[in-house]
Amino acid sequence: MSTEVDSLAIALQLMVAVLGGAIRVGTPFLMVSLAECITEKSGRINLGLEGVLVFSAMGGFGAAYLSGSAWVGVLAAGAAGALLALVHGLVCSLPRVNDIAAGIALMLLGTGLAFYLGKPLIQPQAPQIPSLPLGGWSSSPQVRAALDINMLFPLGVALAALLSWGFRSTRWGLVLRMAGDSSDAARALGYSVNAIRIAATALGGFIAGLGGASLSLYYPGSWNEGLSSGQGLIAVALVIFARWSPWRCLGAALLFGGAGALGPALQSVGIGWGYHLFSAVPYMLTLLILVWTCSPRRSLQGAPVELGVSR
């Protein structure tokens with residue numbers, strides 16, 4: 001009987017650790033996937049969000065360190081992300097510029113600038129984003145630690161709700177979707193497709209910047225050159241998996257976050273074998289999702305027509 005109780009307690013602790021880790025690790029995924037969702041809804045792909053994520057993480061950490069305020073760092077990270085994404089939007093508006101090539105160039109630019117400008121920030125400690133202590137009801141330190149929620153996560157959930165409603169029920173949402181589904185129709189109604197896509201790309205960059213702030217100011221909570229680990233690129237696959245739906249982006253972000261938290265969660269209950277294998281789960285999951293979604297037998301329902309991925 002004692003063995004069964006111990007096993008149940010370990011299983012419960014593992015579930016709580018994975019749930020808490022899914023929220024903690026999944027917050028940057030959520031922000032970047034919502035950013036890419038907005039950008040792609042307008043008919044443009046931004047593969048440079050990896051560079052935006054890294055650059056905004058560096059900018060947010062530096063601003064928080066210099067100002068002594070984590071929230072100043074969050075705003076600075078959003079501004080840095082919007083600025084870099086704006087460059088992508090402007091460049092892609094030029095004739096004969098390919099979105100994919102421009103995105104790769106932006107990724108290299110953002111990461112290069114972040115590594116160069118962020119070298120003095122590797123050692124210092126900056127103020128951290130406060131947590132929401134949702135585990136106060138438990139007497140277990142592990143449960144309380146697992147349920148300390150990043151305050152940017154509720155903001156991400158609110159953004160998913162706002163975007164889901166906005167795409168469906170507001171004028172700006174309908175105009176954005178029209179630019180992504182039929183640029184000719186948008187021009188016929190007097191809208192500037194380039195202006196819509198530039199604005200959507202910059203707004204997406206600001207939201208992706210909040211994901212960068214989550215990385216450097218919450219978890220792992222420091223600045224270093226290996227901070228992102230490709231999360232910006234994974235978010236592109238995540239948006240396709242979510243079928244360009246903000247609510248599904250939330251679910252997919254939690255799925256990827258839970259996959260990324262599986263290794264540390266197993267360590268927390270004393271299971272140390274295969275740690276590096278479990279750390280690779282998000283990348284294996286990305287590969288499987290890309291293979292699954294690119295199957296010729298599956299339609300990409302919900303894909304903006306101007307992206308060309310559904311043709």
Side-chain angles (χ1 to χ4, degrees), residues 27-63 73-94 97-118 152 155-156 159-160 162-163 166-167 172-173 175-176 179-180 192-216 227-228 230-239 244 246 249 253 304 306-307:
T27 299
F29 283 122
L30 173 60
M31 294 299 187
V32 180
S33 64
L34 291 177
E36 183 66 8
C37 187
I38 294 172
T39 305
E40 292 192 10
K41 281 285 188 181
S42 72
R44 174 164 292 155
I45 297 175
N46 185 2
L47 288 183
L49 283 179
E50 173 71 10
V52 170
L53 188 68
V54 175
F55 183 72
S56 60
M58 183 278 300
F61 187 87
V74 170
L75 291 176
L83 178 63
L84 203 57
L86 178 62
V87 172
H88 180 268
L90 292 172
V91 169
C92 290
S93 298
L94 299 175
V97 173
N98 182 271
D99 290 1
I100 305 297
I104 294 172
L106 181 73
M107 177 177 64
L108 297 175
L109 174 64
T111 52
L113 283 174
F115 294 169
Y116 177 73
L117 298 175
L152 290 180
L155 177 61
L159 281 173
L162 178 64
L163 291 175
F167 288 153
W172 65 263
V175 170
L176 185 74
S192 171
V193 174
N194 280 339
I196 293 170
R197 290 176 178 170
I198 289 171
T201 305
L203 177 59
F206 182 87
I207 295 175
L210 300 181
S214 178
L215 283 175
S216 61
L227 188 66
S228 170
Q231 292 186 35
L233 289 173
I234 290 176
V236 178
L238 195 152
V239 172
W244 294 269
C249 284
E306 291 287 326
L307 292 180

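What's counted below: heavy atoms across the whole structure, side chains too, no hydrogens, waters or symmetry copies.
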Worksheet entry | Over all atoms of both residues, closest heavy-atom pair of G166 and W172 | CA-CZ2, 3.7 Å
Worksheet item: Rounded to the nearest 0.5 Å, how far does CZ of R44 lie from CD1 of I38?
Response: 14.5 Å
Item to complete: Check whether the side chains of E50 and T111 place a donor and an acceptor atom closer than 3.5 Å, and report yes or no.
Response: no
Response to the item:
Value for NE2 (H88) from CD1 (I45), rounded to nearest 0.5 Å, stands at 9.0 Å
Discussion item. Taking A35's backbone N and O only, do any of them form a donor-acceptor pair with T39's side chain (distance below 3.5 Å, no angle check)?
Written reply: yes
Worksheet, complete the sentence: Separation between CG (L53) and OG (S228), nearest 0.5 Å, reads 4.5 Å
Discussion item. Could you report the tightest heavy-atom contact between K41 and W244, atom names first, then the distance?
Written reply: CE-O, 3.2 Å
Worksheet item: E306 and V193: side-chain contact (heavy atoms from CB on, under 4.5 Å), yes or no, with the steps?
Response: CA-CA 11 Å; E306 291 287 326; V193 174; over 6 Å; no
Discussion item. Given M58, which partner from the list L227, L215, L113, L117 fulfils the side-chain contact (heavy atoms from CB on, under 4.5 Å) test?
Written reply: L117
Fill in: Inter-residue atom distance I207.CD1 - S56.OG, 0.5 Å rounding
12.0 Å
Practice prompt. First locate atom CD1 of I198, then atom CG of L86, and finally report the distance between them rounded to the nearest 0.5 Å.
Written response: 7.0 Å
Worksheet entry | Nearest non-hydrogen partners of S42 and L176, listed with the distance | CB-CD1, 3.4 Å
Response to the item:
Rounded to the nearest 0.5 Å, the CG atom of L159 sits from the SG atom of C249 at a distance of 11.5 Å
